[in-house]
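Only this structure's heavy atoms are used, side chains among them; waters, hydrogens and symmetry mates stay out.
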Amino acid sequence: MGVRVGMSIEKDLVAASATPLVLGILAEGESYGYAILRRVSELSGGTMTWTDGMLYPLLHRLERLGLVQGAWHVAANGRRRKQYAITAAGLAALAERRQQWQAVTEALNRVFQVGTTMTPTSSAVRSAW
Amino acid sequence: MVTLAAGPGGDLEAQIEQWRQFVARRHAMAKDDVDELEDHLRGHVADLGRVGLTEDEAFLVAVKRMGSLDEVSQEFAREHSDRLWRQLVLPSAGDARSNRRARRELLLVLLLAVASGLAINLPELFGISLNEDGAFYARNLSLFSLPFLAGYFAWKRGMAPTRALGMLVPPFLLGAALVNAPMFVPGGSTQVLAAIHLPIVLWFVVGLAYVGGDWRSHQPRMDFIRFTGEWAIYYTLLALGGGVLVGLTAAGFAAVSVEIEPVLTEWVLPCGAMGAVMVAAWLVEAKQSVVENMAPVLTRVFTPLTTLMLLALLTATLAAGDVVEADRTLLILVDLILVLVFGLLLYSVSARDADAAPSAFDRWLLLLLASAVVVDLLMLGAMLGRIAEFGASPNKVAALGLNLVLLVSLTWSARLLVEFLRGRRPAAALERWQTTYLPVLAAWAAVVVAVLPPLFSFQ
């Protein structure tokens, strides 16, 4: 897959992908902070490890914007735990983000394809653009 | 439940509690946020334990992964920027149970405020009118409001009813009896002195209720000191606001030629003044640490100014050579200066961060204390001759006694401050001295109320 363990991802990329990742994970089902973080690590094969504390301001922002809904429950270990669930507005936002990311990745894929086939004397490269 | 390898289970709890307190101090983080983060931390620690780390290792890793606390709280602050305005968090957030308790508390406060308002109107029924027997009301002002305040705190701290009654009621009854004793020469100095010092004694009784009877520990004493500062500020603000409102009402009604003056002066003002005591206390309790304490902020502003004033006074005294009007007013003047300096010191100490290193402000404090002590000694020295000449009177004894009490406190504080600046003592020593000295102040006020009058035959 080309993903190396220990590869560090640029901060801007992490920040940009944070919201759609969280929304996507919550679209899979209701969850809480620590579980979301674990899922992110799972999905990215261990390359994306966020600063744990930063997840919560993000969740609060999403809650403020109405994209997720938070509710306090009592967890299995007897402590208070805040569960988050995605809202209809959140699903719409997720769909929109997905379109945006698809557009971006398509453009990037074309660049990367061209890049791999590019040789100094290849005329096909010049005509591809 | 996940069992972690090695280490006593209580250790982890203590560490998490410590971490929690550290996080909770950040003002951008509300209790709910801290709960979320703690839950996250526990989940992470449990997971790491499953992988095979010891409790300590797991805790360290989890805390490190949480990220730099400064950055995290900055993010929280950015997100919840309304918190940066430190708005009063009145019961709207939080779970149902705490909301109900908060609403019950508010109801109790309003009830007590109304009760104290009624209490001040009670003597009317016995023929003691406000206009004619002003002195009676002035003497007993604290008795109309402070018992209710003490009751509120006794309830809030969950004191056992028998203990609360046993501790709080006798001082109030005794105070009432002493200040209204018929042996007093009406308007004599001893009566005036007793009337001035009674609120101080009764305030300490309220303090007893505030700490829930646990007056021997130092931390609750310091909390009460902080409460006193905030309460005074809030009461002043309420009084100013109330005054403006009453003034506008009077002017408005005068404009439509309705005679409302007697209602305002006999009902609204007294009841408002008494009720405000309760309301101010409730506001201070409700705000807790969400709103920054104002008293230390004011102290920071006024300490350098007061120091400069005292240095100027000192230079002038030394240059002038002789103190001209060495009489009672001068004695009261130096007393007031000492009270001001004492207050500035007390509230600087109350807000000081226990681990902070000595700063420039501490040097200002030392200068303040030194100049106050020197000015005081100079003035006393100049007056000593005259005082001895004219003999002892109740006013002189009371003023001298207060002077001595404060002088001892300030001198010792100065010594502790010097040692702190030299790095030989922790800042906590200074705080400890202030709280240790508190009973001495209470005792002195009690002496003026109880011992002085008989000593001077109630003159």
Parallel, tilted or perpendicular: which describes the rings of B/Phe224 and B/Tyr210, with under 30° parallel and over 60° perpendicular?
-> tilted
Counting a contact as any heavy-atom pair under 4.5 Å apart, which residues of residues 28-38 of chain A contact chain B?
-> A/Tyr32, A/Gly33, A/Tyr34, A/Leu37, A/Arg38
Is it true that a side-chain atom of B/Gln21 and a backbone atom of B/Gln18 form a donor plus acceptor pair closer than 3.5 Å?
-> no
Given the rule in the ring-ring contact (aromatic ring centres under 6.0 Å, His included) test, do B/Phe227 and B/Tyr234 qualify, once you have shown the distances and angles that lead to the verdict?
-> CA-CA 10 Å; B/Phe227 167 78; B/Tyr234 275 66; 9.8 Å; no
Should the pair B/Arg352-B/Asp362 be classified as a salt bridge under the 4.0 Å nitrogen-to-oxygen rule?
-> yes
On the 0 to 90° scale, with breaks at 30° and 60°, tag the B/Trp155-B/Tyr152 ring pair as parallel, tilted or perpendicular.
-> parallel
When every non-hydrogen atom of A/Val68 is compared with those of A/Leu59, the smallest separation belongs to CG2-O, 4.0 Å
Taking heavy atoms only and a threshold strictly under 4.5 Å, list by residue number the residues of residues 82-105 of chain A that touch chain B; give 'none' if the list is empty.
-> A/Lys82, A/Tyr84
Which bit of A/Arg61 comes within less than 4.5 Å of chain B, counting heavy atoms only: side chain, backbone, both or neither?
-> both
Using 4.0 Å as the upper bound for N to carboxylate O, is an ion pair formed by B/Arg20 and B/Asp35?
-> yes
What is the minimum heavy-atom distance between B/Met66 and B/Val72, and which atoms define it?
-> O-CG2, 3.7 Å
Salt-bridge test for B/Glu36 and A/Arg80: reply yes if a basic N is under 4.0 Å from a carboxylate O, no otherwise.
-> no
Begin from the C-alpha positions of B/Arg42 and B/Asp39 and carry the test salt bridge (charged side-chain N to carboxylate O under 4.0 Å, His left out) through to its verdict.
-> CA-CA 5 Å; B/Arg42 285 179 186 274; B/Asp39 181 53; over 6 Å; no
